[in-house]
2 protein chains.
Amino acid sequence: MNAPVSTPTSAPALTKNQSLVFDVLDRADAPMSAYTILDRLRDHGFRAPLQVYRALDKLLEFGMVHRLESLNAFVACAHPESECCGKGHGHGHGTVAFAICESCGHVSEFHDHEVDHRLGDWAKAKNFKPAKTTIEIRGLCGACAA
Amino acid sequence: MNAPVSTPTSAPALTKNQSLVFDVLDRADAPMSAYTILDRLRDHGFRAPLQVYRALDKLLEFGMVHRLESLNAFVACAHPESECCGKGHGHGHGTVAFAICESCGHVSEFHDHEVDHRLGDWAKAKNFKPAKTTIEIRGLCGACAA
DNA sequence: TCAATTGCGTTATGCTATAACGTGTGTCAT
DNA sequence: ATGACACACGTTATAGCATAACGCAATTGA
Ligand SMILES: [Zn+2]
Ligand SMILES: [Zn+2]
Ligand SMILES: [Zn+2]
Ligand SMILES: [Zn+2]
């Protein structure tokens, strides 16, 4: 009864907890910490941080959620469809960058091919094998800077 | 008696605590968490995390130390001398990137002009005002990948 | 001399993340 | 069927990272 429930879509089947966590993130208009997510889901039976962290781990693995390292918080993936650099695994995308407004909390997710390649070239030159790359720009969005 | 002690160098004068924290980081061959630094300095009278965090805040402000967001840890600045993009404030440097080996902990700090400008261009196009940019590549260094 | 500023030390607290245990439920080869 | 396995789940406890709030001491510069 705890197995993932398949859906008519092509996305990975999510369990109940995973769906609940994803829905909260997807509806949010700013990054959320695991504990904030937990509080939002108390009415749905969530009682402990691990319930959130376990769901987040899977959602991260599926590429449906991103972790913002500079905030210790999470956002639903919002990268544009039909991205370049698809790595074959369906929804997959290459390295992505985030612009985070420190005033309103809005996050813009984007991909820059050139940046990606520059960093890849550096790694190749140094014989470094990248596993995961984090790019986060903190600042003020257009609306808040005006 | 707690005022900064001036030195013969051009660097900002550091207080005793700031010097102790910086020395620990400068001698380390891997990033250190604030609590690890604290433990290293118990013999020098450090008793509480705030003593470390306050010193780190200043060292970050001086640009002598960097925070690795994906590790919640700190490293002494090791960017090459005579960098481009100097912003006028002496030691100052533009956005810097880190390659972090997940096996041996070694960190390489580098600056890539092209990446910097690409991200700057994106920001300009989106009317986003960057305050601080984080670039961290986690992976395996040449020695560990071999 | 009197504020304002800065650094310091201490205690307490809050936020973020994982360890370790056991349960239930599907899957699949035997 | 039945056992082994993988996986999701729930719970309690603990570990790791960071700051709030208080007061004191020294420096600086009106
Ligand atoms: Zn994405
Ligand atoms: Zn904003
Ligand atoms: Zn540096
Ligand atoms: Zn290494």
Side-chain angles (χ1 to χ4, degrees), chain A residues 1-7 12-22 24-25 30-62 64-75 102 105 134 136 138, chain B residues 1-7 12-22 24-25 30-62 64-75 102 105 134 136 138:
Chain A
M1 178 266 178
N2 275 332
V5 171
S6 66
T7 66
L14 298 184
T15 66
K16 184 156 188 279
N17 283 4
Q18 288 160 17
S19 285
L20 286 168
V21 169
F22 180 74
V24 166
L25 281 179
M32 296 187 72
S33 78
Y35 280 75
T36 305
I37 295 169
L38 172 59
D39 287 338
R40 293 284 173 89
L41 291 176
R42 298 248 181 225
D43 294 345
H44 292 269
F46 275 53
R47 311 280 313 175
L50 258 193
Q51 297 176 272
V52 178
Y53 282 109
R54 288 204 271 232
L56 285 172
D57 283 346
K58 280 301 179 185
L59 294 170
L60 288 166
E61 181 185 323
F62 297 153
M64 299 174 65
V65 158
H66 297 290
R67 175 184 168 83
L68 299 180
E69 302 289 353
S70 69
L71 291 179
N72 294 327
F74 304 83
V75 288
E102 296 185 310
T134 297
E136 296 175 17
R138 310 262 310 249
Chain B
M1 179 264 178
N2 275 334
V5 171
S6 66
T7 67
L14 299 184
T15 66
K16 184 154 189 279
N17 284 3
Q18 289 160 16
S19 285
L20 287 167
V21 169
F22 180 75
V24 166
L25 280 178
M32 298 187 72
S33 76
Y35 277 73
T36 305
I37 296 169
L38 172 59
D39 287 338
R40 293 285 173 90
L41 291 176
R42 299 248 182 225
D43 294 344
H44 292 270
F46 276 52
R47 311 281 310 173
L50 259 192
Q51 296 176 272
V52 177
Y53 282 110
R54 288 203 273 230
L56 285 172
D57 283 346
K58 280 300 181 187
L59 294 170
L60 288 167
E61 182 186 323
F62 297 154
M64 299 174 66
V65 158
H66 297 290
R67 176 185 168 81
L68 299 179
E69 302 288 354
S70 68
L71 254 34
N72 293 327
F74 304 84
V75 288
E102 297 185 309
T134 296
E136 296 175 18
R138 309 267 304 254

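Throughout, a chain's letter reflects where its sequence line sits, starting with A, and its residues are numbered from 1. Remember, predicted model here, so these are calculated numbers, not experimental data.
There is no side-chain donor-acceptor pair under 3.5 Å between B/Glu69 and B/Thr134.
A/Leu20 places its CG atom 10 Å from the P atom of D/dG10, with the value rounded to the nearest Å. Look at CG on A/Leu38: it is 16 Å from P on C/dG14, rounded to the nearest Å. Per the geometry, CE belonging to B/Met32 stands 14 Å off P belonging to D/dG16, to the nearest Å. Rounding to whole angstrom units, NE2 of residue B/His44 and P of C/dC8 are separated by 15 Å. Atom CG of A/Leu71 and atom P of D/dA18 are 13 Å apart (whole Å). Distance CD (A/Glu69) to C1' (C/dT16): 12 Å, rounded to an integer number of Å. Straight-line distance from the CZ atom of A/Phe46 to the P atom of D/dA8: 14 Å, rounded to whole Å. For the pair B/Asp57 CG and D/dA20 P, the interatomic distance rounds to 10 Å; values are reported in whole Å.
For B/Tyr35 against D/dA15, a side-chain-to-base donor-acceptor contact under 3.5 Å is absent.
Atom-to-atom distance recorded for B/Leu68:CG and A/Ser70:OG is 12.5 Å, nearest 0.5 angstrom.
Here C/dT11 is the nucleotide among C/dC8, D/dT12, C/dT11 with the atom lying nearest to any side-chain atom of B/Leu50. For A/Tyr53, counting side-chain heavy atoms from C-beta on, the closest listed nucleotide (D/dC17, C/dG9, C/dT16) is C/dT16. With C/dG9, D/dG10, D/dT19 as the candidates, the nucleotide lying closest to the side chain of B/Arg54 is C/dG9. In the set D/dC17, D/dA21, C/dG7, D/dC17 carries the atom at the smallest distance from any side-chain atom of B/Asn72.
Between A/Ala73 and B/Asn17, the one whose closest nucleotide on DNA chain C sits nearer the 5' end is B/Asn17. Taking the nucleotide of DNA chain D with the nearest heavy atom to each of A/Lys58 and A/Ala48, the more 5' of the two is matched to A/Lys58.
Nearest approach of B/Phe74 to B/Leu25, heavy atoms of both residues: O-CD2, 3.3 Å. When all heavy atoms of A/Val52 and A/Ala34 are compared, the pair lying nearest together is CG1-O, 3.6 Å. Of all heavy-atom pairs between B/Met32 and B/Ile37, the closest is CB-CG1, 3.9 Å.
The shortest distance between the side-chain N/O atoms of A/Gln51 and the OP1/OP2 oxygens of D/dG10 is below 4.0 Å. The phosphate of C/dT16 (OP1 or OP2) has no side-chain N or O of A/Arg67 nearer than 4.0 angstrom. For B/Thr15 and C/dG7, the shortest distance from a side-chain N or O to OP1 or OP2 is not below 4.0 Å.
Across all strands shown, A/Arg47 has heavy atoms under 4.0 Å from sugar-phosphate atoms exclusively, and none from any base.
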